[in-house]
Amino acid sequence: MKTIDELLAEGVAGKRIFVRADLNVPLAGTTITDDGRIRAVLPTVKALADAGARVVVASHLGRPKGAPDPAFSLAPAAARLGELLGADVPFATDTVGESARATVAALADGQVAVVENLRFNAGETSKDDAERGAFADQLAALADLYVGDGFGAVHRKHASVYDLPARLPHAAGYLIAKEVAVLKKLTDDLQRPYVVALGGAKVSDKLAVIDQLLGKADRILIGGGMAYTFLKAKGYEIGKSLLQEDQIPAVQEYIERAEKTGVELVLPVDALTATEFPDLETKAPANPTTVAADAIPADRMGLDIGPESCKLYASKLADAATVFWNGPMGVFEHPDYAEGTKAVAQALVESKGFTVVGGGDSAAAVRILGFDETAFGHISTGGGASLEYLEGKTLPGLAALED
């Protein structure tokens, strides 16, 4: 895989460089609530611009249906990128149309532009190779070179991620190089004890990675909405808590495998519960009730791990040499249900081991809950990509950057 430093050494002044970034930031209207992914691509963009390249930044945002949708415009991300660079960043109102062509043609050496959401074009996400390839051809016309730095999208076989690098000389940006180096520490160069904390809503999203981790991790902590399917699989009462009933057989198999292989599988011992889901807009007090995790009343739902579980999980993380955390322990967006996620984050901060926050909601939670990002070994920009790498899958966007 060619590095951006090798590309810079060859000279990029005056060349149009297409940077596939991940600017898929959370928005409240047009306000960015977490700019972590924009800041993550800054070293690559800045290095290219400082070397005199004409930088064309492209990304997806959200899941529009292959057509323009103002709710998913990259305009706020382009404005924020300009603020962080301290420079004017022109924004093209389309991706490969008249505005994009004119914007790119007008770039001066060292200038950066952003084109509109790639997913406004059906060819970006098409499963038809010809349609995807045709869109990649249009993107290739905008540039002389390609730099892949959108780690959060490398598990997608999309035109700008997979097909475009085949059409242009290419290299990996600083972010992708860093993410891959970190993931190799979790697979090829593992220090033990290796403890994994998994949360989030759906157990189905994590089954494949649990399957792999049962052969690698020393200890797996389960939290979030997915924990209740595990508790139900053990025969416990979970009330109105989130349940994926069709996943119970698979979960029971994993519980049995963990026992046979000596992997410590840790489940909540108590839960914070409510009769209704909390209001995340007003964040009105929810007055949760703490109950035993094996006896949640029929009229209540678990929305966070309880105080005893917080202590338990912190103790299970304390001696780790390596920690991977993906997924919040509860509905952290509401202050009454944020303590479980805070407890895991704090345990990572206090850890003497190598700690990795696996992107997505976990990365957002770290920032929203006020933790110092530098206190963690690494905060990934790609939750799904990280999980698929740990599952042992070939990621299309990484494969495309190999020479």
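All figures in this text were calculated on a predicted structure; none of them were measured in a lab.
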Show me the side-chain donor-acceptor pairs of residues 215-222 shorter than 3.5 Å, one per line, residues at least two apart or across chains.
| from | atom 1 | to | atom 2 | distance (Å) |
| --- | --- | --- | --- | --- |
| D218 | OD1 | R192 | NH1 | 3.2 |
| D218 | OD2 | R192 | NH1 | 3.0 |
| D218 | OD2 | Y194 | N | 2.7 |
| R219 | NE | E264 | OE1 | 2.9 |
| R219 | NH1 | K316 | O | 2.5 |
| R219 | NH1 | D319 | OD1 | 3.0 |

Practice task
For the residue pair V356 and V323, establish whether any side-chain heavy-atom pair is separated by less than 4.5 Å.
Solution key: no
Handout entry: Salt bridge present between E98 and R101 (N-O < 4.0 angstrom)
Key = no
Practice task
Verify side-chain hydrogen bond (donor to acceptor under 3.5 Å, both in side chains) between R20 and H158, making sure each step is shown before the conclusion.
Solution key: CA-CA 11 Å; R20 199 337 178 156; H158 290 170; 5.2 Å; no
Practice task
Go through the structure and list residues passing ring pair (Phe, Tyr, Trp, His ring centres under 6.0 Å) with H378, not counting sequence neighbours.
Solution key: none
Problem - side chain to side chain contact (heavy atoms under 4.5 Å, CB included) partners for D188, two or more places apart - result: K184
Practice task
Could you tell me which residues satisfy side chain to side chain donor-acceptor pair (under 3.5 Å) with D211, sequence neighbours excluded, listed by chain and number?
Solution key: R257
Problem - Q244 versus S204, side-chain donor and acceptor atoms under 3.5 Å - result: yes
Handout entry: Any pair counted as side-chain hydrogen bond (donor to acceptor under 3.5 Å, both in side chains), so long as it reaches residues 36-47, sequence neighbours left out
Key = D22-R37, D35-R39, R39-E373, T44-D149, K46-D50
Completion exercise
Separation between CG (N326) and CG (D361), nearest 0.5 Å, reads 8.5 Å
Exercise for the section: Decide yes or no on salt bridge (charged side-chain N to carboxylate O under 4.0 Å, His left out) for D129 and R132, but give the supporting numbers first. Expected result: CA-CA 5 Å; D129 290 349; R132 221 176 44 247; 3.0 Å; yes
Exercise for the section: Check whether more than 12 heavy atoms from other residues, nucleotides or ligands sit under 6.0 Å from atom CD of E402, and answer yes or no. Expected result: yes
Exercise for the section: Mark yes or no for whether T95, through its side chain, and E116, through its backbone, hold a donor-acceptor pair below 3.5 Å. Expected result: yes
Handout entry: Donor + acceptor pair across side chains of Q346, E350 (<3.5 Å)
Key = yes
Handout entry: Heavy-atom neighbours of E237 CD exceed 12 at 6.0 Å
Key = no
Exercise for the section: Check the side chains of D270 and T290 for a donor-acceptor pair under 3.5 angstrom, ignoring hydrogens and angles. Expected result: no
Problem - Test log, rule side-chain contact (heavy atoms from CB on, under 4.5 Å), inputs I305 and Y313 - result: CA-CA 10 Å; I305 61 172; Y313 284 26; 4.0 Å; yes
Handout entry: Euclidean distance, L348 CG relative to T355 OG1, rounded to 0.5 Å
Key = 5.0 Å
Exercise for the section: For atom NZ of K240, decide whether the heavy atoms of other residues, nucleotides or ligands shown that lie under 6.0 angstrom number more than 12. Expected result: yes
Problem - N-O pairing of E388 and R156 below 4.0 Å - result: no
Problem - Donor-acceptor pair between D5 and T3 side chains, under 3.5 angstrom - result: no
Problem - Atom pair NZ/CD1 of K232 and I248 - distance to nearest 0.5 Å - result: 6.5 Å
Practice task
May I ask you to check whether S386 and S380 show a side-chain donor-acceptor distance below 3.5 Å?
Solution key: yes
Exercise for the section: Classify the angle between the aromatic ring planes of F18 and Y146 as parallel (below 30°), tilted (30 to 60°) or perpendicular (above 60°). Expected result: parallel
Handout entry: All side chain to side chain donor-acceptor pair (under 3.5 Å) counterparts of R119, not counting sequence neighbours
Key = none
